[in-house]
Colleague: 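Could you have a look at this structure, given as structure tokens, before my questions?
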2 protein chains.
Amino acid sequence: MIEEAFRRTGVRRTPQRFFVMEHLLLRRDHATVEELCAAVNRDNAMTSRATVYNTLHALVEAGLVIEIMLDGKAARYDANLEKHHHFICDNCGSVEDVEWFDLPPEMEKKQFRAFEAILRGKCIRCQ
Amino acid sequence: MIEEAFRRTGVRRTPQRFFVMEHLLLRRDHATVEELCAAVNRDNAMTSRATVYNTLHALVEAGLVIEIMLDGKAARYDANLEKHHHFICDNCGSVEDVEWFDLPPEMEKKQFRAFEAILRGKCIRCQ
DNA sequence: GTCCCTGCAAACGGTTTGCACCCGG
DNA sequence: CCGGGTGCAAACCGTTTGCAGGGAC
């Protein structure tokens with residue numbers, strides 16, 4: 001529940017923040033700022049790009065959303081908080097979640113703070 | 001040998017291209033365009049930023065260098081053609097090569113075209 | 001009532017592009 | 001000589017910032 005998550009993490013509840021969070025939860029398609037801005041403005045009240053950036057920073061800070069930076073293109077945002085990796089389609093550039101797997105044992109020893117895998121290929125639609 | 005690599009891959013040999021390639025081979029520190037531009041201009045003839053970009057595209061195209069895009073910051077370039085992963089220091093942002101490891105067997109089955117791991121932590125200097 | 005959020009517009013940093021000139025093959 | 005590379009400057013695109021006004025708590 002969004003209200004509850006905001007209260008719990010101390011994120012101030014504004015319509016803009018609510019709509020952004022709602023969109024990320026409903027359509028888990030790794031939206032970019034541009035897409036979120038368009039979606040929120042289509043469905044609801046007016047929201048500036050700057051506010052979408054501000055909102056996303058707040059949500060990332062609060063741990064409600066993760067930021068995915070791939071290939072130097074626009075950042076994408078993901079409300080899936082389970083540990084997972086990412087797949088990028090060579091053809092259409094879409095991003096999909098991939099089930100989590102750990103580092104091999106010999107690497108695990110080295111105590112990295114974080115591990116993230118990026119997998120590439122053609123997605124089902126593009127094959 | 002640089003001359004030979006250029007001839008083999010059909011990259012036209014200009015002083016600028018030679019110096020960029022030389023720098024990447026000698027100091028394998030994952031240089032950014034900015035750093036390469038500065039280094040080439042310090043040591044040798046004048047070279048514009050646009051030409052460094054052009055050169056790097058040509059070298060990546062020719063398969064003599066790989067491009068590393070991390071965290072939406074400036075691209076970095078690497079003359080290490082062996083398969084490897086990358087480590088980024090949380091503190092200073094430096095990038096290091098990490099020995100290659102494969103996907104776990106259950107993932108290997110899915111036939112991804114490419115796999116790249118990004119590891120994070122503190123580098124030796126920053127610990 | 002106090003902060004913090006919002007919208008706007010300008011600034012920013014990395015990269016790309018258009019163009020006239022130049023040089024490698 | 002020809003095609004492609006070079007330098008310069010302007011354009012581009014995603015993101016950040018400064019600021020005045022407004023809404024959450």
Side-chain angles (χ1 to χ4, degrees), chain A residues 2-23 30-42 44-62 64-77 93 95, chain B residues 2-23 30-42 44-62 64-77 93 95:
Chain A
I2 297 177
E3 313 271 4
E4 194 277 320
F6 279 9
R7 222 172 300 116
R8 178 167 45 79
T9 55
V11 171
R12 203 181 263 206
R13 193 231 189 270
T14 68
Q16 292 83 348
R17 292 178 172 203
F18 187 89
F19 293 139
V20 168
M21 188 73 219
E22 190 180 38
H23 184 91
H30 304 88
T32 61
V33 169
E34 205 59 46
E35 290 160 0
L36 281 166
C37 212
V40 171
N41 281 312
R42 187 177 336 105
N44 306 286
M46 101 139 309
T47 305
S48 73
R49 200 179 315 270
T51 295
V52 174
Y53 278 105
N54 170 11
T55 295
L56 289 166
H57 293 159
L59 296 178
V60 169
E61 190 80 4
L64 297 176
V65 151
I66 58 173
E67 187 179 48
I68 313 168
M69 305 284 296
L70 295 171
D71 291 347
K73 303 207 197 312
R76 293 171 171 276
Y77 294 85
V95 177
Chain B
I2 298 177
E3 312 271 5
E4 194 276 320
F6 280 8
R7 221 172 302 117
R8 178 167 44 80
T9 54
V11 172
R12 204 134 145 180
R13 193 234 189 265
T14 69
Q16 293 83 348
R17 291 177 172 203
F18 188 89
F19 293 138
V20 168
M21 189 72 219
E22 190 180 38
H23 185 91
H30 305 88
T32 61
V33 169
E34 205 60 47
E35 290 160 0
L36 281 167
C37 212
V40 171
N41 282 311
R42 185 176 338 104
N44 306 287
M46 102 138 308
T47 305
S48 73
R49 201 178 314 270
T51 295
V52 175
Y53 277 105
N54 171 11
T55 295
L56 290 166
H57 293 160
L59 296 178
V60 168
E61 189 81 2
L64 297 175
V65 151
I66 58 172
E67 187 179 46
I68 313 169
M69 304 285 297
L70 294 172
D71 290 346
K73 302 206 197 312
R76 293 170 172 278
Y77 295 85
V95 177

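Residue numbering restarts at 1 for every chain, and letters A, B, ... go by the order of the sequence lines.
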Colleague: Test of understanding: with side chain to side chain donor-acceptor pair (under 3.5 Å), list the residues that count as partners of A:R49, not counting sequence neighbours.
Modeller: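 Once residues adjacent in sequence are excluded, the partners of A:R49 under the side chain to side chain donor-acceptor pair (under 3.5 Å) criterion are A:E34.
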Colleague: Is B:R17 close enough to D:dT6 that one of its side-chain N or O atoms is under 4.0 Å from OP1 or OP2 there?
Modeller: yes
Colleague: Report, one pair per line, the protein and nucleotides 20-22 of chain C atoms (nitrogen or oxygen only) whose separation is under 3.5 Å.
Modeller:
none

Colleague: According to side-chain contact (heavy atoms from CB on, under 4.5 Å), who are the partners of B:A74, at least two apart in sequence or on a separate chain?
Modeller: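 B:A74 satisfies side-chain contact (heavy atoms from CB on, under 4.5 Å) with B:T32 once adjacent residues are dropped.
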Colleague: Does A:V52 have any side-chain contact (heavy atoms from CB on, under 4.5 Å) partners at least two apart in sequence or in another chain, and if so, which?
Modeller: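 side-chain contact (heavy atoms from CB on, under 4.5 Å) list for A:V52, sorted by chain: A:V33, A:L36, A:C37, A:T47, A:L56.
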Colleague: Could you give the CD-to-P distance, from A:E61 to C:dC5, as a whole number of Å?
Modeller: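 Roughly 11 Å, once rounded to whole Å.
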Colleague: In the structure I gave you, are the side-chain heavy atoms of B:F18 and B:T55 within less than 4.5 Å of one another anywhere?
Modeller: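 B:F18 vs B:T55: side chains apart.
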Colleague: Without decimals, in angstroms, what is the distance between A:F6 CZ and D:dC25 P?
Modeller: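 After rounding, the reported distance stands at 10 Å.
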Colleague: What residues form a side-chain contact (heavy atoms from CB on, under 4.5 Å) with A:A50, not counting sequence neighbours?
Modeller: A:S48
Colleague: For A:N41 and C:dG7, what is the distance between atoms CG and C1' respectively, to the nearest whole Å?
Modeller: 11 Å
Colleague: Between atom CG in B:L36 and atom P in C:dT15, what is the gap in whole Å?
Modeller: 11 Å
Colleague: For nucleotides 1-3 of chain D, list the nitrogen or oxygen atoms of the protein found under 3.5 Å from its nitrogen or oxygen atoms, one pair per line.
Modeller:
unit_1, atom_1, unit_2, atom_2, d
D:dG3, N2, B:R12, NH2, 2.6

Colleague: From CG of B:N54 over to C1' of D:dG4, roughly how many Å is that when rounded to an integer?
Modeller: 9 Å
Colleague: Using five base pairs at each end, measure the axis-to-axis angle across the helix from C:dG1-D:dC25 to C:dG25-D:dC1 and round it to 10 degrees.
Modeller: 40°
Colleague: Holding to side chain to side chain donor-acceptor pair (under 3.5 Å), I want the full list of residues that pass it with A:R13, two or more places apart in sequence or in another chain.
Modeller: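 So A:R13 forms a side chain to side chain donor-acceptor pair (under 3.5 Å) with A:E3.
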Colleague: Which of these, B:T14, B:I2, B:V40, sits in a side chain to side chain contact (heavy atoms under 4.5 Å, CB included) with B:F19?
Modeller: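 In the set B:T14, B:I2, B:V40, the residue that makes a side chain to side chain contact (heavy atoms under 4.5 Å, CB included) with B:F19 is B:V40.
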Colleague: Just N and O in the side chain of A:T14: are any of them under 4.0 Å from OP1 or OP2 of C:dT6?
Modeller: yes
Colleague: Measure the distance from CZ on A:F19 to P on C:dC5 and round it to the nearest whole Å.
Modeller: 18 Å
Colleague: For A:H23, enumerate each residue passing the ring pair (Phe, Tyr, Trp, His ring centres under 6.0 Å) test, keeping only those at least two apart in sequence or located in another chain.
Modeller: none
Colleague: Sequence neighbours excluded, which residues qualify as side chain to side chain donor-acceptor pair (under 3.5 Å) partners of A:D71?
Modeller: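 For A:D71, the residues satisfying side chain to side chain donor-acceptor pair (under 3.5 Å) (neighbours in sequence not counted) are A:R120.
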Colleague: Starting at CG of B:N41, measure out to CD of B:Q16 and round the result to the nearest 0.5 Å.
Modeller: 9.5 Å
Colleague: By side chain to side chain donor-acceptor pair (under 3.5 Å), which residues pair with B:E22, not counting sequence neighbours?
Modeller: none
Colleague: Can you tell me how far the NE2 atom of B:H30 sits from the CD1 atom of B:I66, to the nearest 0.5 Å?
Modeller: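 Those atoms lie 7.0 Å apart.
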Colleague: Generate the contact string for nucleotides 7-19 of chain D. Rules: B means base contact, S means sugar-phosphate contact only, - means no protein heavy atom under 4.0 Å.
Modeller: BB-----SBBB--
Colleague: Start with the C-alpha distance between A:R17 and A:N54, add both sets of side-chain angles, then the distance that settles side-chain contact (heavy atoms from CB on, under 4.5 Å), and finish with yes or no.
Modeller: CA-CA 9 Å; A:R17 292 178 172 203; A:N54 170 11; 3.3 Å; yes
Colleague: Over how many whole Å does the gap from A:R7 atom CZ to D:dA24 atom P extend?
Modeller: 15 Å
Colleague: I need the minimum non-hydrogen distance between B:A62 and B:T9, along with the two atoms involved.
Modeller: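 Shortest heavy-atom contact: O-CG2, 3.6 Å.
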